[in-house]
Number of protein chains: 2
Amino acid sequence: MPKNDRARPPGPEPRPRPVLDEVDRRIVAELLRDGRTPNVVLARAAGIAESTCLSRVRALRERGIVTGVTAEVDLARVGLPVQAMVAIGFSGHLRADVDAFADEVSRLPGVVATYNISGANDFLVHVAAPTPEALRDFVLDNLTGRPGVVHAETSLVFHVNRGSDVLSAG
Amino acid sequence: MPKNDRARPPGPEPRPRPVLDEVDRRIVAELLRDGRTPNVVLARAAGIAESTCLSRVRALRERGIVTGVTAEVDLARVGLPVQAMVAIGFSGHLRADVDAFADEVSRLPGVVATYNISGANDFLVHVAAPTPEALRDFVLDNLTGRPGVVHAETSLVFHVNRGSDVLSAG
DNA sequence: ATTGAAATCACCTTTAT
DNA sequence: ATAAAGGTGATTTCAAT
């Protein structure tokens, strides 16, 4: 007698095999460290041939594991020395409103990222501005004023530390 | 009579001119969009010669404006489908303790970033974990347990939207 | 799927304007 | 700051396993 005789419903696999093998892990780790690492170096780091490495990297992109490569910019040095996290409380919680908020806010000038979260607040908006006044204007004009927003609490961001070992938790 | 007859102490310029000219802005914007953009394309996008573009990019790195290039990874697809923001309240607020917390926590497996902020809480720790249980363990073992931490409130992160127009706020 | 080798292409330096 | 040109080395394709 089988442990489970219900047929699995159609759709994406429920993750039968480990997500990343050791080779892929090394490639991803190296690309996290330096997204411009040339293919030759990547291949040596992973212990495989260059051509193999190339197809691996392509596969990682096609599988949606590596979604892009981006520059890291010191916002203070491009004229945006004031950063803040704005916690947003929402009213209706209709799916359409929630999605629209995230999409639209993410496109606003100065927005670093928008986090849709659980708990007392519904969003965290990470924003950068040239001056405290500009920050205030941003919050009043683009967040507080928006329909559905019932609460906005601004915290200054003094410093950001990027994690250096994200992958190891897997 | 000169407006200011004190001699400026030696060292880096106190930023007399605008931070980024139009050419640099275009380069940085393009590198934010795709950090692997080759120099030829970058040069065309900025409307300058390749050799000029090359020195511009070098200068941007040396000036600390572009601090690095990194891959963007879909954490859910590398075995870390559970993300959270943990708001941390601190007790002593000694500089050494605050700095140490940020540095050490950022090195822990699964930590995406650590934000030192103002307000009711002192830190936001963005963390990724394979399961809710692993998240709970992470918080109890690495955050709640740490000396100085008097409060920890965990919010699940449902979705993250990266900003697409950060620079325009400057 | 992985490889080594060969061809193509881009990067980067140099020179000179 | 630019353009042109050459050396260097990486990327990519391909036949073979």
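Side chains are part of it too, since the values below use all heavy atoms of this structure and drop only hydrogens, waters and symmetry mates. Note that the coordinates shown come from a computational prediction; the quantities given were computed from them, not determined experimentally. Order of the sequence lines fixes the chain letters, A, B, ..., with proteins taken first and strands second; residue numbering starts at 1 for each chain.
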Measure the distance from CG on A/N39 to C1' on C/dG4 and round it to the nearest whole Å.
14 Å
Can you label the angle between the A/F123 ring and the A/F101 ring as parallel, tilted or perpendicular, going by 30° and 60°?
tilted
Are A/H126 and B/Y115 close enough, and set up right, to give a ring pair (Phe, Tyr, Trp, His ring centres under 6.0 Å), and what steps lead you there?
CA-CA 10 Å; A/H126 183 187; B/Y115 301 86; 5.4 Å; yes
Could you tell me the separation between the CZ atom of B/R36 and the C1' atom of C/dC11, rounded to a whole number of Å?
13 Å
Stretch residues 45-58 of chain A: residues that reach within less than 4.0 Å of DNA chain C through a heavy atom
A/I48, A/A49, A/S51, A/T52, A/R56
Applying the side chain to side chain contact (heavy atoms under 4.5 Å, CB included) test to B/C53, which of B/V23, B/V41, B/L42, B/V40 qualifies?
B/L42
With B/D24, which of B/R63, B/R58, B/R61 fulfils salt bridge (Lys or Arg N to Asp or Glu O under 4.0 Å)?
B/R63
Any chance CZ of A/R136 has more than 12 other-residue heavy atoms, nucleotides or ligands included, within less than 6.0 Å?
no
